[in-house]
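Read the structure below first, then the notes.
The structure displayed is predicted, hence computed values, not measured ones. Only heavy atoms go into these numbers, but all of them, side chains included; no hydrogens, no water, no symmetry mates.
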Amino acid sequence: MNPTYDIFISYRRDAFESANLFATRLKALGYRVFFDVETMNAGKFNEQLLNVISKCKDFILVLSPNALDRCDDEGDWVRREVMCAMEHKKNIIPIMLSGFVWPPEMPKGMEDLCNYQALAPAPNTYYDLQVQRLRGYLKSKAHFQTRKRWLIGFNIIVGILAIIMLIAHLTYMPVAQHVADNLTMQTQCMNDLAHISSTLQSEWEAYVNEYKTSKRSIDKSEQKSLMLQTIQIQERQRDALLKTLKASSISVNGIYLPLFWMHGISPADLLICNTYAESLFDDLQSQIDYYNSLLKNDEYTQLNMRMAKINSNIIIAYTAIYYYGYLQMMTHLPRSTYKMFYEVSHNWHHLPKEGIGLSDEEYERQQKLLADEAEKEMAQLEMILAYSESELAEQEEKLRQLEDMADEVQKRIDTVNVINSYILQQMQK
């Protein structure tokens, strides 16, 4: 039986990594995603893909820079996929990556593509936030929870599994202790990650202030060297912290997942919390890369300073969101598993003060408040980027005008030279 899919993801090869991230996270959330990485060989278009598109509800088009340049060719496979989606009136969601702009003249037959509701490009892309936005555009519904609960109900009926479940109950406490300890370790990593981000931002602001007020070049050089060392130290700490996080990944045998579900812990949360925690380290690396870029080019404008601050704020907000998610799971574990949490949690100065014991509704409310704040920060970041692009376009227009003036002046100089040459020739006669 051929599998059915809810979502089809179309992309150019240079957008593979971004498209793969969206596909992986949507699958983890329970969506049935078709993400082809093998079928499309060079020079060959698999007609079966059109059949998949015709049966999907949602069509996601990941647009890298110049992704539509080859779509005038009717044999281009991205064009064929898009045209098929438009023909079958699918819910088309363009995702514009950084650097993509709509061409002034759209490929024939694809003129309406730019009118679909799209995800705008953002610097230092925060995929959690993007996926959250993307889910609001989808018509498809996640299947993960429904499928898992159906399987649990079905398997309980089966006598053999009932015996296995009884054995699992007897061994639940050691597994619960493992989850509690690893959740505590991951929370410690979130606190340390927030510390690295806030430390980098504080050191950066202090460096810029000192750099701008220094008079001598030798002082500026020493300050830049010290800041570079600070960034490198924090980057090494980030790498070491990521190793700690991976070492504390939550691994639960599938037989125990129904037990956690019965105790109020979603199997989906257990399975994907490792992936989401690691994604925040990618955002921190983007923050570090941004500092290095500004440092290399001596770009200390107010806009760049504001962007750096917003990047740090978003990272710290998401560490708190994950923290509440960890606490929510911890609250459903036996109290006897909290020992490590109480031993280390008093040192978490970069996380909210709330601890274990709140209701699921309160944890979710706190997460929503933080997510709304992160959305506002991202909106500011997008506004700054739009302003920067507008300012750059204005500077380019001024440069073009200067070049036109220079060309005009050169033409007049050339004319004068010709006249002078003619006069000189006449005088020599």
Q: List the steps and the verdict of side chain to side chain contact (heavy atoms under 4.5 Å, CB included) for Val82 and Leu68.
A: CA-CA 11 Å; Val82 172; Leu68 300 180; 6.0 Å; no
Q: Would you mind reporting whether Ile356 and Leu333 have side-chain heavy atoms less than 4.5 Å apart?
A: no
Q: Using the six-membered ring wherever Trp is involved, compare the ring planes of Trp77 and Tyr11 and label them parallel, tilted or perpendicular (cut-offs 30° and 60°).
A: perpendicular
(Q) Is the distance from the ring center of Tyr326 to that of Tyr363 below 6.0 Å? (A) no
**Q.** Sub-4.5 Å side-chain heavy-atom contact between Arg12 and Val78
**A.** yes
Q: Starting from the C-alpha separation in whole Å, work towards a yes-or-no answer on side chain to side chain contact (heavy atoms under 4.5 Å, CB included) for Leu193 and Arg238.
A: CA-CA 7 Å; Leu193 186 146; Arg238 174 240 177 232; 6.0 Å; no
Q | Backbone of Asp69 reached by a side-chain donor or acceptor of Asn66 within 3.5 Å | A | no
Q) Going by heavy atoms in the side chains, are Gln366 and Pro352 under 4.5 Å from each other? A) no
(Q) Looking only at the aromatic ring of each residue, does the gap between the centers of Tyr172 and Phe260 stay below 6.0 angstrom? (A) yes
Q: Indicate yes or no for a side-chain donor-acceptor contact from Ser225 to the backbone of Ser221 under 3.5 Å, with no hydrogens or angles considered.
A: no
Q. Closest approach of Asp14 and Pro65, non-hydrogen atoms and distance?
A. OD2-O, 4.3 Å
Q: Over 60° means perpendicular and under 30° means parallel, so classify the ring planes of Tyr207 and Tyr211, tilted if in between.
A: tilted
Q.
One pair to check against ring-ring contact (aromatic ring centres under 6.0 Å, His included): Phe35 and Tyr5. What are the steps and the verdict?
A. CA-CA 10 Å; Phe35 179 68; Tyr5 301 95; over 10 Å; no
Q) Do side-chain atoms of Asp58 reach the backbone of Ile7 as a donor and acceptor pair under 3.5 angstrom? A) no
Q: Kindly give the heavy-atom pair with the smallest separation between Leu97 and Ala15, and that separation in Å.
A: CD1-CB, 3.9 Å
Q.
Is it the case that the side chains of Ser10 and Glu81 hold a donor-acceptor pair, with the cut-off being a distance below 3.5 Å and no angle test?
A. yes
Q. Would you say the side chain of Gln367 lies within less than 4.5 Å of the side chain of Gln328, judging by non-hydrogen atoms?
A. yes
**Q.** Steps toward salt bridge (Lys or Arg N to Asp or Glu O under 4.0 Å) verdict (Arg32, Asp6)
**A.** CA-CA 5 Å; Arg32 295 179 297 203; Asp6 301 313; 3.2 Å; yes
Q | Atom of Arg80, atom of Glu74 and distance for their closest heavy-atom approach | A | CG-O, 3.5 Å
(Q) Once rounded to the nearest 0.5 Å, what's the spacing between atom CZ of Phe8 and atom CG of Leu49? (A) 5.0 Å
Q.
Quick check: do Tyr31 and Arg135 have side-chain heavy atoms less than 4.5 Å from each other?
A. yes
Q) Would you find a donor on one side and an acceptor on the other, under 3.5 Å apart, between the side chain of Lys90 and the backbone of Cys56? A) yes
(Q) So which atom in Leu351 and which in Tyr323 form the shortest heavy-atom distance, rounded to 0.1 Å? (A) CD1-CD1, 3.6 Å
Q: Ignoring hydrogens and angles, tell me if any N or O in the side chain of His88 forms a donor-acceptor pair with the backbone of Cys84 under 3.5 Å.
A: yes
Q) Does a sphere of radius 6.0 Å around CD in Glu111 hold more than 12 heavy atoms from other residues, nucleotides or ligands, not counting ones at 6.0 Å or beyond? A) yes
Q.
Between Leu284 and Leu241, is the side chain to side chain contact (heavy atoms under 4.5 Å, CB included) condition met? List the steps.
A. CA-CA 12 Å; Leu284 178 58; Leu241 193 61; over 6 Å; no
**Q.** Check: Glu205/Asn209 side-chain N/O donor and acceptor closer than 3.5 Å
**A.** no
Q) Taking atom OG of Ser286 and atom CG of Asn311, what is their separation to the nearest 0.5 Å? A) 8.0 Å
Q: With the side chain counted from C-beta on, respond yes when Thr230 and Trp204 share a heavy-atom pair under 4.5 Å apart, and no when they do not.
A: no
Q | Main-chain N/O of His332 paired with His263 side-chain donor or acceptor, under 3.5 Å | A | no
Q. Measuring from Met86:CE to Met83:CE, what's the distance to the nearest 0.5 Å?
A. 6.0 Å
Q.
For the CD atom on Glu362, are there more than 12 heavy atoms of other groups (residues, nucleotides or ligands in this structure) within a distance under 6.0 Å?
A. yes
Q: List the steps and the verdict of side chain to side chain contact (heavy atoms under 4.5 Å, CB included) for Ile93 and Tyr116.
A: CA-CA 7 Å; Ile93 307 170; Tyr116 287 91; over 6 Å; no
Q: Could you check if a side-chain atom of Ile231 sits within less than 4.5 angstrom of a side-chain atom of Asn292, using non-hydrogen atoms only?
A: yes
**Q.** All pairs passing side-chain hydrogen bond (donor to acceptor under 3.5 Å, both in side chains) where residues 337-348 contributes a residue, at least two apart
**A.** Gln188-Trp348
Q: Hey, could you give me the CD1/CD1 distance between Ile60 and Ile95, rounded to the nearest 0.5 Å?
A: 5.0 Å
Q. Where do Asp219 and Arg216 land on the salt bridge (Lys or Arg N to Asp or Glu O under 4.0 Å) test, with the steps shown first?
A. CA-CA 5 Å; Asp219 292 337; Arg216 299 189 307 166; 3.1 Å; yes
Q) In Å, rounded to the nearest 0.5 Å, how long is the span from OG1 of Thr301 to CG of Leu294? A) 7.5 Å
(Q) Between Gln285 and Asp289, do the side chains contain a donor N or O and an acceptor N or O under 3.5 Å apart? (A) yes
Q. Checking salt bridge (Lys or Arg N to Asp or Glu O under 4.0 Å) for the pair Lys376/Asp372: CA distance, chi angles, key distance, verdict?
A. CA-CA 6 Å; Lys376 292 178 183 178; Asp372 290 343; over 6 Å; no
Q. Are a donor atom and an acceptor atom from the side chains of Gln287 and Ser197 found within less than 3.5 Å of each other?
A. yes
(Q) Looking at Ser312 and Lys309, would you say the former's side chain and the latter's main chain have a donor-acceptor pair under 3.5 Å? (A) no
Q. Would you say Ser202's side chain and Thr199's backbone share a donor-acceptor pair under 3.5 angstrom?
A. no
Q | Contact summary for Asp76 and Cys71, nearest pair of heavy atoms | A | OD2-SG, 3.7 Å
(Q) Around atom NZ of Lys212, are there more than 12 heavy atoms from other residues, nucleotides or ligands closer than 6.0 Å? (A) yes
**Q.** Gap separating the SG atom of Cys189 from the CD1 atom of Ile196, nearest 0.5 angstrom
**A.** 9.5 Å
Q. Do Asn91 and Tyr137 have a side chain donor and acceptor closer than 3.5 Å?
A. no
Q. Between Val179 and Met329, is any pair of side-chain heavy atoms under 4.5 Å apart?
A. no
Q | Which atom of Ser198 lies closest to which atom of His350, heavy atoms considered | A | OG-CE1, 3.4 Å
Q | Check: Asn191 side chain, His349 main-chain N or O, donor-acceptor pair, under 3.5 Å | A | yes
